[in-house]
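Have a look at the structure below, then the notes.
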Amino acid sequence: STGSAAAVPINAEFDIAYVTPVTLGTPPQTLQLDFDSGSSDLWVFSSHLPTSQIRGQEIYAPNKSSTAKLLDGHSWSITYGDGSGSRGNVYTDNVTVGGLMVERQAIECAQQVSSSFTSEAHIDGLVGLGFSTLNTVSPKSQLTFFDNAKGALDSPVFTADLKHKQAGTYDFGFIDKAKYTGEITYVPVNNDPGYWTFSSSGYAVGSGNFSASPISGIADTGTSLIYLPTAVVTAYYRQVQGATNSRSYGGYVFPCSATLPSFTFGVGEARFTIPPAYMSYAAVTPGSSTCFGGLQSSNGVGINIWGDLALKVAFVVFNGGTPPTIGWAAK
Ligand SMILES: CSC[C@H](NC(=O)[C@H](Cc1ccccc1)NC(=O)N1CCOCC1)C(=O)N[C@@H](CC1CCCCC1)[C@@H](O)C(=O)OC(C)C
């Protein structure tokens, strides 16, 4: 089997996150979920949430689904890199993504969400696509949608084709040759911490020479920007007039009028260049002449992250075979 679903940017201006329609239960309830390769819980806004914590999101009501079953005595609680979090109880039910159905998928129903989730009306929950070792359900941890689907897939892969200010796709079980050009460069994945961790072969700032120093980081569809070591980040912003690492704004900012260099990163022998326009993420507040950079330091995060900003200049294959690998191709 295979599946293919749209990845739609939630903001018309900036690619802060992408959501994908997912149908749950019988009759089908459709929610817009953020596919996140940086975590491994499938959780949703639910009928178990106090209405004060729901502001425009769609909810999943298990008691309205004839195929929902309570996973008695199980609970979950998760905190993300940005400090947001949620917790609740667990049901199993049918979950369908782009024509691909998994029966008895653990659906983690929120009983509490942090304020940043309540204020993000476009995200009705997450589909974790990290390794199932990271799943937070207790006392028995649960499998991700991908791990549950894997055995039935034509090939044990999912691919991400994210785009700037337009809908891309997540495909499951096949590699669509129409979505990329040239060859796919595969590199090993170290899934010990449960993430899609791989080694980038280096970077270049603008037309500068390529610095062939390996950078270990995770491919994270649920993170908006790129977070890299200080040496890389300072080398980049040294080329940006007026750039400063602002404590108040929580990262590197610069005058929106500044000329930005492109940023190139390597995967094996392949090279991927993020154009200057993508490297200025957004004005720090609407209308401000100060802009927030798309490249930020990983110092505060504790892990190097290749987020949506990097993923959207490539076609990326998350190969869940044995051993797992990750493939990057131009498009
Ligand atoms: C430095 S890691 C921070 C990362 N969060 C982010 O990247 C959030 C995503 C978001 C989008 C829309 C609305 C709200 C939040 N964006 C963010 O912090 N931004 C601030 C800087 O400007 C860009 C937007 C993160 O926590 N990613 C989560 C998934 C994420 C999905 C959206 C809801 C909040 C949770 C996950 O990938 C994760 O924790 O990864 C770990 C490994 C760092």
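Model, not experiment: these values are computed from the prediction. Residue indices begin at 1 and follow the sequence shown.
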Could you tell me which non-hydrogen atom of [X] sits nearest to which non-hydrogen atom of [Y], and how far apart they are?
| X | Y | answer |
| --- | --- | --- |
| Leu134 | Gly38 | CD1-O, 4.5 Å |
| Lys331 | Thr181 | N-OG1, 3.9 Å |
| Ser4 | Asp171 | OG-OD1, 2.5 Å |
| Pro261 | Val205 | CG-CG1, 3.8 Å |
| Gly251 | Asn245 | C-OD1, 3.4 Å |

With Tyr180 as reference, evaluate Ile175, Thr159, Asp161 under the side-chain contact (heavy atoms from CB on, under 4.5 Å) test and give the passing residue.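 Of the listed residues Ile175, Thr159, Asp161, the side-chain contact (heavy atoms from CB on, under 4.5 Å) partner of Tyr180 is Ile175.
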Quick check on [X]: does its [atom1] atom have over 12 non-hydrogen neighbours (other residues, nucleotides or ligands) under 6.0 Å away?
| X | atom1 | result |
| --- | --- | --- |
| Glu183 | CD | no |
| Gln112 | CD | yes |
| Asn63 | CG | yes |

Do the side chain of [X] and the main chain of [Y] share a donor and acceptor less than 3.5 angstrom apart?
| X | Y | answer |
| --- | --- | --- |
| Thr234 | Thr230 | yes |
| Ser298 | Val301 | no |
| Ser46 | Ala110 | yes |
| Gln296 | Tyr252 | yes |
| Ser1 | Ala152 | yes |
| Asn89 | Ser75 | no |
| Lys165 | Phe14 | no |
| Thr96 | Met101 | no |
| Gln57 | Leu31 | no |

Extract all donor-acceptor atom pairs below 3.5 Å that involve side chains of residues 268-285 and protein atoms in other chains or at least two apart in sequence.
from	atom 1	to	atom 2	distance (Å)
Arg271	NH1	Gly268	O	3.0
Arg271	NH1	Glu269	O	3.3
Thr273	OG1	Thr264	OG1	2.7

I'd like to know whether Val90 forms a side chain to side chain contact (heavy atoms under 4.5 Å, CB included) with Trp76, so could you lay out the CA-CA distance, the side-chain angles of the two residues, the decisive distance to 0.1 Å, and finally the verdict. CA-CA 8 Å; Val90 189; Trp76 60 281; 3.8 Å; yes
Ring center gap for [X] and [Y] short of 6.0 angstrom:
| X | Y | result |
| --- | --- | --- |
| Phe318 | Phe158 | yes |
| Tyr60 | His48 | no |
| Trp328 | Phe198 | yes |

Modelled atom types, side-chain donor and acceptor of [X] and [Y], under 3.5 Å:
| X | Y | value |
| --- | --- | --- |
| Asp124 | Gln32 | no |
| His164 | Gln166 | no |
| Thr244 | Ser246 | no |
| Asp82 | Ser84 | yes |
| Thr221 | Asp36 | no |

May I have the step-by-step check of side chain to side chain donor-acceptor pair (under 3.5 Å) for Thr67 and Ser65, ending in yes or no? CA-CA 5 Å; Thr67 39; Ser65 169; 3.2 Å; yes
So do [Y] and [X] actually touch side chain to side chain, heavy atoms under 4.5 Å?
| X | Y | answer |
| --- | --- | --- |
| Leu33 | Val97 | no |
| Asn191 | Tyr195 | no |
| Phe292 | Leu225 | yes |
| Phe174 | Val157 | no |
| Gln142 | Ser132 | no |
| Ile123 | Val19 | yes |
| Val102 | Asn94 | no |
| Ile10 | Tyr18 | no |

Tell me, please, which residues at least two apart from Asp15 pass salt bridge (Lys or Arg N to Asp or Glu O under 4.0 Å).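 Checked Asp15 against salt bridge (Lys or Arg N to Asp or Glu O under 4.0 Å); matches are Lys312.
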Partner set under salt bridge (Lys or Arg N to Asp or Glu O under 4.0 Å) for Asp176, not counting sequence neighbours: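 If we apply the salt bridge (Lys or Arg N to Asp or Glu O under 4.0 Å) test to Asp176, skipping adjacent residues, the hits are Lys179.
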Under 4.5 Å between side-chain heavy atoms, counting indirect links through other Ile/Leu/Val/Met/Phe/Trp/Tyr residues: same cluster for [X] and [Y] or not?
| X | Y | value |
| --- | --- | --- |
| Phe131 | Leu311 | yes |
| Leu49 | Ile78 | yes |
| Tyr236 | Val253 | no |
| Leu295 | Phe265 | yes |
| Trp196 | Val313 | yes |

Taking side chain to side chain donor-acceptor pair (under 3.5 Å) as the test, write out the residues that go with Trp43, two or more places apart.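 For Trp43, the residues satisfying side chain to side chain donor-acceptor pair (under 3.5 Å) (neighbours in sequence not counted) are Tyr80.
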Quick one: pull up [atom1] in [X] and [atom2] in [Y] and give me the separation to the nearest 0.5 Å.
| X | Y | atom1 | atom2 | result |
| --- | --- | --- | --- | --- |
| Leu143 | Thr133 | CG | OG1 | 10.5 Å |
| Ser207 | Gln239 | OG | CD | 8.5 Å |
| His74 | Thr136 | NE2 | OG1 | 11.5 Å |
| Glu120 | Asp34 | CD | CG | 9.0 Å |

Would Leu24 and Ile107 count as a side chain to side chain contact (heavy atoms under 4.5 Å, CB included) here? Give the steps. CA-CA 9 Å; Leu24 313 159; Ile107 301 176; 3.9 Å; yes
Passes side chain to side chain donor-acceptor pair (under 3.5 Å), Asn190 versus Thr197? Steps please. CA-CA 5 Å; Asn190 162 17; Thr197 308; 5.4 Å; no
Just to verify, what does Cys291 make a disulfide bond (SG atoms under 2.5 Å apart) with, not counting sequence neighbours?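 Here the qualifying residues are Cys256.
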Relative to each other, are the rings of Tyr170 and Phe35 parallel, tilted or perpendicular (30° and 60° limits)?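 Judged by the thresholds at 30° and 60°, the geometry between Tyr170 and Phe35 is parallel.
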Begin from the C-alpha positions of Val316 and Ile326 and carry the test side chain to side chain contact (heavy atoms under 4.5 Å, CB included) through to its verdict. CA-CA 7 Å; Val316 185; Ile326 187 166; 3.8 Å; yes
By the salt bridge (charged side-chain N to carboxylate O under 4.0 Å, His left out) test, which pairs, at least two apart or in different chains, include something from residues 190-219?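 Non-adjacent pairs meeting salt bridge (charged side-chain N to carboxylate O under 4.0 Å, His left out): zero.
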Test: Lys69 and Asp93 ion pair at under 4.0 Å: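 Answer for the salt bridge query: no.
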